[in-house]
Amino acid sequence: MKHPAGTVIFDLDGVIYLGNVGVKGANEALTAIEQRGYRVLFCTNNSSRTPSATARKIRRATSYPARVDQVFTSAMAAARLLSADLPPSLVLGGHGIVEALGGAGVKVVTDWRQARAAVVGFAPHLSYGLLRDVCQAVWAGARLVATNTDPSFPTDEGIWPAAGAIVAAVEYATGRKALPAGKPHQPMFALLREHVSEGRVIMVGDRAETDLQMAANAGWYSVLALSGVSNRPPASPSPDAVVETVAELPTLLDRL
């Protein structure tokens, strides 16, 4: 199916939902945007869920009928980053990373001695033992890959620490800098570039250093939603437009 109007890429946490609660008007906005001829994609730096689980969460939270082929995660970007040489990898994170690596042909190992890469993402079941093993793998020469480095993410219960806080612990302990895969970095951009339609590409997000920066790097139109971590537009990178929530987006697109 062709989408002559272009593509709108949505961040999820803080834009489409907060925790398990959908942002008011999200379903209606997403439907209206598709009716205007745009392809709708979702791009999240949360690596803990698989694309199918992420699509289910969108459906539960908003009632919008999200499909798995619309969803792109930082775990998928990390798998793409490692797909060239397929190093056996130790994972500190959720099942989303394990599935993405396996789908790319990367063997996931549980013994740090076998690891040639250590992939760190959002880890809801973080333990000292896992943190220790990842550090040992890195000390032994494993490549350190971060699905993303977001310090926090918004929920319906307030701001929670995200993958970047865990990555920082590994970096601090080992003295090594992680190679990041998610927004705004090249592996995620390369992943999305293969799926956008001809025409305008619009990135809608709530975080300057990820969503707006990726749009700036890619030459895409950027929209800041004030429903997440940001309550005012940043000076740099400056968004092309600002909305309170995605409910305002169809009207904005009509003016472009």
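Here CD1 of I97 is found 7.5 Å from CG of L92. Values are rounded to the nearest 0.5 Å. One distance of note links OG1 of T174 with CD of Q136; it measures 12.0 Å at 0.5 Å rounding. Atom OG of S48 is separated from atom NE2 of H95 by 11.0 Å, given to the nearest 0.5 angstrom. Here the OH atom belonging to Y17 is positioned 9.5 Å from the OG1 atom belonging to T62, to the nearest 0.5 angstrom. Between the CD atom of Q186 and the CE atom of M214 there is a distance of 10.5 Å, given to the nearest 0.5 Å. Here the NZ-OG1 distance, from K57 to T44, works out to 8.5 Å after rounding to the nearest 0.5 Å.
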*Check the pair N148 / T210 against side-chain contact (heavy atoms from CB on, under 4.5 Å), numbers first and verdict last.*
CA-CA 9 Å; N148 64 294; T210 56; over 6 Å; no
*asked:* Let's go through F122 and T147 carefully: what are the C-alpha distance in whole Å and the side-chain angles of both, what is the deciding distance for side-chain contact (heavy atoms from CB on, under 4.5 Å) to 0.1 Å, and is it a yes or a no?
replied: CA-CA 8 Å; F122 180 59; T147 60; over 6 Å; no
_Pair V8-L253, side-chain contact (heavy atoms from CB on, under 4.5 Å): steps then yes or no_ = CA-CA 10 Å; V8 186; L253 297 182; 4.2 Å; yes
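Heavy atoms only, all atoms of each residue included: A142 and A118 are closest at CB-N, 4.3 Å. Closest of all the heavy-atom pairs between L101 and S89 is CD1-CB, 4.1 Å. Closest non-hydrogen pair, A247 versus A29, comes out as CA-CB, 4.1 Å. Smallest separation of non-hydrogen atoms from P87 and V106: O-CG1, 3.2 Å. Of all heavy-atom pairs spanning V109 and L90, the tightest one is O-CD1, 3.3 Å. Across every non-hydrogen atom of L86 and A104, the tightest pair is CD2-O, 3.4 Å.
Using bins of under 30°, 30° to 60° and over 60° for the plane-to-plane angle, the ring pair F10/F42 lands in the tilted bin. In this structure, W220 and F189 have tilted ring planes: the angle between them lies in the 30° to 60° band.
In this structure the side chain of L191 reaches within 4.5 angstrom of the side chain of M188, judged on heavy atoms. V40 has its side chain within reach of Q70: a pair of non-hydrogen atoms, C-beta onward, lies under 4.5 Å apart. Between N46 and L12 the shortest side-chain heavy-atom distance does not fall below 4.5 Å. Residues D254 and R36 form a side-chain contact, since some pair of their non-hydrogen atoms from C-beta on lies under 4.5 Å apart. In this structure, the side chains of P234 and P239 come closer than 4.5 Å at one or more pairs of heavy atoms. Taking the side chain as every heavy atom from C-beta outward, W112 and V134 never approach each other to under 4.5 Å. Two residues are said to be in side-chain contact when any heavy atoms from C-beta on lie closer than 4.5 Å; V119 and L82 meet this criterion. In this structure the side chain of K177 reaches within 4.5 angstrom of the side chain of E171, judged on heavy atoms.
Of the possible polar contacts, one joining the D211 side chain to the D206 backbone as a donor-acceptor pair under 3.5 Å is found. Remark: the backbone N or O of A75 is not paired with any side-chain donor or acceptor of S47 at under 3.5 angstrom. Under a 3.5 Å cut-off, the side chain of Q213 and the backbone N or O of P237 do not form any donor-acceptor pair. Between the T54 side chain and the T50 main chain, a donor and an acceptor come within less than 3.5 Å of each other. For T73 (side chain) and M76 (main-chain N/O), a donor-acceptor pair under 3.5 Å exists by modelled atom type. At least one donor-acceptor pair under 3.5 Å links the side chain of R59 to the backbone N or O of A66. Of the possible donor and acceptor atoms, one in the side chain of T7 sits under 3.5 Å from a partner among the backbone N and O of S197. Looking at R176, its side chain never comes within 3.5 Å of a backbone N or O of L144 through a donor-acceptor pair.
Salt bridge annotation for D11-K183: present, with a cationic side-chain nitrogen under 4.0 angstrom from a carboxylate oxygen. Using a cutoff of 4.0 Å between basic side-chain nitrogens and carboxylate oxygens, R207 and D150 are scored as salt-bridged.
Under the 4.5 Å side-chain contact rule for hydrophobic residues, V138 and V167 share a cluster. Residues Y221 and V15 share a single hydrophobic cluster, defined by chaining ILVMFWY side chains whose heavy atoms lie under 4.5 Å apart. A single hydrophobic cluster is seen to contain both V246 and Y64, as judged by linkage of ILVMFWY side chains at heavy-atom distances under 4.5 Å, directly or through other members. V91 and I166 fall into different hydrophobic clusters, defined by Ile, Leu, Val, Met, Phe, Trp and Tyr side-chain heavy atoms under 4.5 Å apart, directly or through other members. Note: the hydrophobic cluster containing V120 does not contain L81 (ILVMFWY, side chain heavy atoms under 4.5 Å, direct or indirect links).
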